[in-house]
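Notes to accompany the following structure.
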Number of protein chains: 2
Amino acid sequence: MSEPTRLSWTDVRDQIRARILSRTYAPGDRLPRDEDIAQEFGCARTTVHRAMQDLAQMGLVERKRKGGTHVLSDPVTRATFDIPITRCEVEQRGAKYDYQLISRALEQTPTGVMARFGLHTPREMLRVKALHLADNRPYVFEDRWVDTQSTPEILDVDLTRENANEWLVHNKPFSRVDVRFSAMNATADNAHHLDTPEGSALFVIERTTWIGSAPITTVQSLAAPGYQLAANTG
Amino acid sequence: MSEPTRLSWTDVRDQIRARILSRTYAPGDRLPRDEDIAQEFGCARTTVHRAMQDLAQMGLVERKRKGGTHVLSDPVTRATFDIPITRCEVEQRGAKYDYQLISRALEQTPTGVMARFGLHTPREMLRVKALHLADNRPYVFEDRWVDTQSTPEILDVDLTRENANEWLVHNKPFSRVDVRFSAMNATADNAHHLDTPEGSALFVIERTTWIGSAPITTVQSLAAPGYQLAANTG
DNA sequence: AAGTGGTCTAGACCACCTT
DNA sequence: AGGTGGTCTAGACCACTTG
């Protein structure tokens with residue numbers, strides 16, 4: 001007798017997904033209750049729950065207590081990106097990594113930086129500009145602000161030798177992060193550091209972190225032309 | 001007696017995360033076995049498992065059978081983005097949405113498009129250029145290729161009235177998607193459609209979909225200057 | 001008020017990976 | 001070979017939210 005192996009939650013997930021793709025469950029439809037699906041597949045309700053949890057996280061269905069499970073009618077594409085330490089990113093491309101400190105100074109935060117942190121009053125922070133190189137070519141130019149109230153230790157770090165990006169990642173855990181992507185034309189200053197014509201289109205990553213509600217750092221990373229960020233597969 | 005309420009998996013997750021943030025469990029460290037943690041917290045192993053699953057997905061720890069659970073030593077920032085249907089995006093900003101078809105023609109795929117699909121030989125596809133407007137101002141210019149082998153129905157759609165973006169999302173489910181972000185300078189043609197100076201930095205979203213291994217569509221969306229994409233919070 | 005998803009438990013077995 | 005995470009089950013109770 002060919003007894004079928006027991007269904008796993010991924011099997012259930014894939015079957016349900018197939019039904020959604022084939023419009024057996026069409027956009028907007030309400031799916032059967034977990035318990036009924038469990039009965040149909042001959043598995044425990046927990047297994048169906050695990051499958052549904054995954055589908056909900058992928059953005060395929062929406063689940064509400066009492067409301068049941070519905071196929072989203074205007075599906076969104078959900079993509080996840082990993083933003084590694086710049087050195088790791090460079091080395092993973094098989095390139096030689098180098099780092100140059102460009103400037104380091106205490107400055108009052110301008111309104112743009114205050115907005116990123118959600119602050120209403122200016123504050124003195126450490127501003128650090130630095131360049132990351134891959135195979136001796138400019139790779140990413142970063143303009144960073146570090147809050148010296150939450151992170152006074154940064155003042156003692158020799159940033160000519162140690163990279164603020166890595167020092168923070170290794171020494172300053174954060175509890176909240178905000179990430180934004182955009183594009184901008186290189187200013188004369190940017191262009192100079194990145195060795196690219198003024199006005200070049202640069203890919204911009206803005207990353208701001210907090211510990212609790214206290215600001216830690218915000219950084220605007222400008223990637224040299226040609227930079228492309230790919231979503232995680234899977 | 002104040003009997004503490006039973007621990008939920010989110011409580012366990014938050015406690016473990018706090019220990020990681022406070023370096024109780026430092027980067028590279030191996031965490032205790034799930035079962036030991038369960039005993040410490042006085043809960044079932046399943047509950048610890050659920051908590052760990054979440055931490056692993058956040059990119060804070062790595063789990064391996066037999067190898068145990070380790071705190072990642074080079075943590076990555078993981079961010080999730082939702083890319084909605086353009087109309088929804090515009091309407092959610094409280095703006096009026098409009099759409100204009102710019103061109104529609106059968107063309108041989110150039111090498112760039114073949115590469116996005118992973119094809120080795122050129123193929124004739126339907127190329128559709130269109131403009132999305134918010135409050136009568138150009139918002140996103142899209143340059144799309146639709147595979148007429150997998151999606152012949154597209155040839156019968158009146159794209160002057162119906163928007164290829166939405167038609168595909170509602171009628172052509174996909175099983176795999178690739179998303180990439182970059183930046184580029186507006187060409188004369190782009191600049192004209194987006195009503196912006198030539199050379200403006202444009203935010204670029206490339207989105208390619210397949211059903212099984214068959215290509216469906218690939219689209220390069222160029223956002224008007226000022227566009228910014230924010231990661232999901234939470 | 002009642003229906004539905006969310007979670008917890010305890011135990012069992014499986015599958016992968018390191019040693 | 002053995003240790004660890006991964007999953008399944010069956011049952012129970014809880015919590016949200018809709019009618």
Of A:Gly67 and A:Thr47, the one whose nearest nucleotide on DNA chain D sits closer to the 5' end is A:Thr47
Scan B:Glu91, B:His132, B:Arg87 and name whichever one has a side chain to side chain donor-acceptor pair (under 3.5 Å) with B:Tyr97. B:His132
With a 4.0 Å limit, can you tell me whether A:Arg63 has a side-chain N or O closer than that to the phosphate oxygens OP1/OP2 of C:dT4? no
Nucleotide nearest B:Arg45 when distance is taken to its side chain, options C:dT4, C:dA12, C:dC8: C:dA12
If I take atom CH2 in residue A:Trp9 and atom C1' in nucleotide C:dG6, what distance separates them, rounded to the nearest angstrom? 17 Å
Looking at B:Arg78 and A:Asp82, is any side-chain nitrogen of the basic one under 4.0 Å from a carboxylate oxygen of the acidic one? yes
Atom-to-atom span, CZ of B:Arg30 to C1' of D:dT4 - whole angstrom: 7 Å
How many Å lie between CG on B:Asp36 and C1' on D:dG5, as a whole number? 13 Å
Expressed as a whole number of angstroms, how long is the span from B:Asp11:CG to C:dG6:C1'? 14 Å
Nearest of C:dC8, C:dT4, C:dG6 to any side-chain atom of A:His49? C:dG6
Is the shortest side-chain N/O distance from A:Arg33 to OP1 or OP2 of C:dT4 below 4.0 Å? yes
Rounded off to whole Å, could you give me the CG-to-C1' distance for the B:Asp54 and D:dG6 pair? 16 Å
Any A:Ser8 side-chain N or O less than 4.0 Å from OP1/OP2 of D:dG6: no
Integer-rounded Å distance: D:dT7 P and B:Met52 CE: 15 Å
Kindly point out which of D:dG5, D:dT9, C:dT18 is positioned nearest to the side chain of B:Thr69? D:dG5
May I ask you to decide if A:Ile216's main-chain N or O and A:Asp147's side chain share a donor-acceptor pair within less than 3.5 Å? no
B:Lys66 side chain, from C-beta outward: closest of C:dC8, D:dG5, D:dG2: D:dG2
Supply the atom-to-atom distance B:Gln220 CD to B:Thr208 OG1, rounded to the nearest 0.5 angstrom. 10.0 Å
If you check the A:Lys64 side chain, which of C:dT7, D:dT18, D:dT7 turns out closest? D:dT18
Options D:dA12, D:dT7, D:dA10, nucleotide nearest the side-chain atoms of A:Thr46: D:dA10
Contact class for B:Arg50 vs. all strands (heavy atom < 4.0 Å): base, sugar-phosphate, or nothing? nothing
Just how far, in rounded Å, is P of D:dT9 from CD of A:Glu35? 13 Å
Mind calculating the distance between CG (A:Leu7) and C1' (D:dT9) to the nearest angstrom? 14 Å
Candidates D:dT9, C:dT9, D:dC8 - which lies nearest the side chain of A:Cys43: D:dT9
Given A:Ile16, A:Leu55, A:Ile20, the one that forms side-chain contact (heavy atoms from CB on, under 4.5 Å) with A:Val71: A:Ile20
